[in-house]
Amino acid sequence: MKILVINSGSSSLKYQLFDMDSGKVLAKGGCERIGAGGSVTHKVPGRDNYTIEIDLPSHDKALEVVFELLTDKVHGVIADVSEIDAVGHRVAHGGEKYKKSSLVDIELINYLETIIPINPLHGPPAIKGMKACLKLLPSTPQAAVFDTSFYANMKPSRYIYALPYEFYSEDKIRRYGFHGTSHRYVSQKTAEILGKPLSSLKMVTCHLGNGSSITAVDGGVAIDTSMGFTPQEGIEMGTRSGSIDPTVVPYIMKLKNLTPDQMSDILNKQSGILGVTGVSNDFRNCLAAAKEGNERAQLALDILANGIKKYIGSYMAEMNGLDVLVFTAGIGENQCEIRRMVCENMEGLGIKIDNDKNENFERGIPVEISAADSKVKVWIVPTDEEYMIALDTQKLV
Ligand code: AMP
């Protein structure tokens, strides 16, 4: 079975074609600058990358170009699009209705349109991607895999904010949680590696990238998570502030005479590691600056490490223990420094890493970095959201 996974952004569209029998990626790539020019980079394992500049006025056109590349005599990997058995779409938000991955139909698209007000950035491009696929591959089954659905079993006490209740009941303001597909993948993969049933494990999974979130997974069920109504809540991120005292927001708005959009821009695009350092949103640059003695860069690292530590501690309290701590995504998989800072002085809670294993690890594969006498196992597990989407799609069709 061949499954195409689509991740559609406002001006981009990423794709991966999987052969599910072998679990291998046949081809992958991305369309950029949709609606404002256009380019496509197409990658086939074992071949040189192929990049073209081409006008991409819409997501429909981008997808047409992707299909041409996948079936191209020189650059393609299939003879005809009819070889694609199903399409899986990454969808950030399933609202309160879609609690698991579902087949795409008009009812699903109509519902996603109704929740655009609470998902204004990611909703419209995901809908465009689904509509484009329905138009170009009308008889191929399609699935939507939601980032929020992993959090469908959280208790109300974990997702209701202590605001007047009507903001939840009428306006749907609540914690939804994000990055669920990544947290679900790494928690399942970790149980598989350990050879233990997922239902027997208490885990904290740390997805640390440009956007970061931490999830408590108890017996395979996400019981709490750091991101909330939007991917803004939680720990310090590349350009997002993470959680702050809510009163700071109206205070700054009054002080600087800002509109809600301007304030939102500050919280989402000018804060986090970028805001604190004034140097860069990229962790690598922040670390390099800290090593050169930049105090604000060191401060940004300390804020991040302490924020992660606090979530781990609070989730251990919520689950009454911890078996495995997992690091994943760009920073979690690649940056030994942050893992060291987070796990430092945690012996009292049974967490101890082996510094040699933490620093000299092979990238791109799961690696255990806990010390032999650590009660809690600590692992680096590379995430693979696309493969998780392909697996869900395969199950559904
Ligand atoms: P992501 O959003 O998962 O792509 O992660 C982006 C963040 O991960 C950036 O802050 C990068 O500095 C960091 N990162 C990604 N890849 C690497 C790498 N190979 N080595 C070190 N840091 C990395």
Side-chain angles (χ1 to χ4, degrees), residues 5 7-16 25 28-30 32 41 43 90 92 121-122 147 177-187 189 205-215 225-227 230-242 268-292 294 296-305 307-308 326-342 357-367 369 379-389:
V5 173
N7 184 352
S8 191
S10 56
S11 63
S12 67
L13 186 145
K14 293 189 199 131
Y15 61 94
Q16 282 198 31
V25 175
K28 65 178 177 181
E32 302 289 338
T41 299
K43 303 175 183 175
R90 180 185 185 179
L121 293 182
H122 300 110
D147 272 340
F178 296 89
H179 289 152
T181 309
S182 172
H183 290 283
R184 185 157 59 100
Y185 175 81
V186 295
S187 54
K189 186 80 191 169
T205 49
C206 304
H207 177 114
L208 310 177
N210 201 26
S212 298
S213 61
I214 306 191
T215 296
T225 193
S226 60
M227 282 181 168
T230 69
Q232 165 72 26
E233 195 181 343
I235 55 173
E236 179 194 37
M237 306 181 212
T239 58
R240 293 178 218 151
S241 65
N268 274 297
K269 299 188 184 152
Q270 301 174 40
S271 299
I273 293 175
L274 174 67
V276 176
T277 60
V279 173
S280 167
N281 68 313
D282 193 294
F283 186 91
R284 283 170 282 205
N285 301 337
C286 177
L287 188 64
K291 283 187 176 156
E292 281 167 12
N294 182 323
R296 276 168 52 185
Q298 186 59 50
L299 179 62
L301 295 180
D302 292 341
I303 294 172
L304 178 62
I308 300 168
V326 184
F327 289 97
T328 196
I331 298 171
E333 289 170 32
N334 295 296
Q335 295 288 356
C336 57
E337 199 66 25
I338 198 71
R339 296 190 299 257
R340 181 188 62 71
M341 290 170 79
V342 168
K357 285 187 195 163
N358 182 44
E359 283 163 29
N360 305 304
F361 63 99
E362 191 178 340
R363 283 164 205 256
I365 57 161
V367 182
I369 56 166
W379 278 79
I380 305 167
V381 179
T383 193
D384 195 345
E385 289 156 288
E386 285 75 17
Y387 188 55
M388 188 85 247
I389 294 169

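What you see is a predicted model; the values in this text were computed from it and never measured. Just so you know, ligand 1 is whichever comes first in the structure, and atom 1 is the first atom listed for that ligand. In this chain, numbering begins with 1 at the start of the sequence shown.
- Looking at S213 and H183, their side chains do bring a donor and an acceptor atom within 3.5 Å of each other.
- Between R284 and Q335, some side-chain heavy-atom pair lies under the 4.5 Å cut-off.
- Judged by distance alone, with hydrogens and angles left aside, the side-chain atoms of R240 form a donor-acceptor pair with the main-chain N or O of P231 at under 3.5 Å.
- Side-chain polar atoms of Q232 and S241 form a donor-acceptor pair below 3.5 angstrom.
- Ligand 1 is surrounded by G209, N210, D282, F283, R284, A329, G330, I331, N334, Q335, R363, each with at least one heavy atom closer than 4.0 Å.
- Under the 3.5 Å distance criterion, the side-chain polar atoms of S271 are left unmatched by any main-chain donor or acceptor of N268.
- Tested against L274 for a side-chain contact (heavy atoms from CB on, under 4.5 Å), the candidates T239, V279, D282 yield a single pass: T239.
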